[in-house]
Amino acid sequence: NQEQEYIYLSGAASAIGYSNAFQILKTGTGFFCPPPDFVLNAEIVRSAAEMGLKGSHKPDTFVLVAVQELVRIFPCDK
């Protein structure tokens, strides 16, 4: 169902964003470093995951790949 998928991806976007913010607070740099006006949402999580996946996958794999793609797309200068 599309509504359930949207709710799941919205929750994933929030969790990814909060995890990245926590990482910045703890270490001074995030897992990924998007531009200041970037807003992580359900559609971006879906698009990022689809870049790295072929075929169907479990939801947890989908979110992990989305994070990997965000790290790749928005690397942090260290």
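Both backbone and side-chain heavy atoms feed into the values below; hydrogens, waters and symmetry mates do not.
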Value rounded to 0.5 Å, distance of [atom1] in [X] from [atom2] in [Y]:
X   : Y   : atom1 : atom2 : answer
Y6  : R46 : OH    : CZ    : 10.0 Å
F32 : I16 : CZ    : CD1   : 6.5 Å
I73 : C33 : CD1   : SG    : 13.5 Å

Which heavy-atom pair separates [X] from [Y] by the least distance, and what is that distance?
X   : Y   : value
A12 : V63 : CB-CG2, 3.8 Å
L40 : G17 : CD2-N, 3.9 Å
A13 : A42 : CB-N, 4.1 Å

Quick check: is F31 connected to F38 through a chain of hydrophobic side chains (ILVMFWY, heavy atoms under 4.5 Å apart)?
yes
If you group Ile, Leu, Val, Met, Phe, Trp and Tyr by side-chain heavy-atom gaps below 4.5 Å, do Y18 and V67 land in one group?
no
Of L70, V71, V65, which meets side chain to side chain contact (heavy atoms under 4.5 Å, CB included) against Q68?
V65
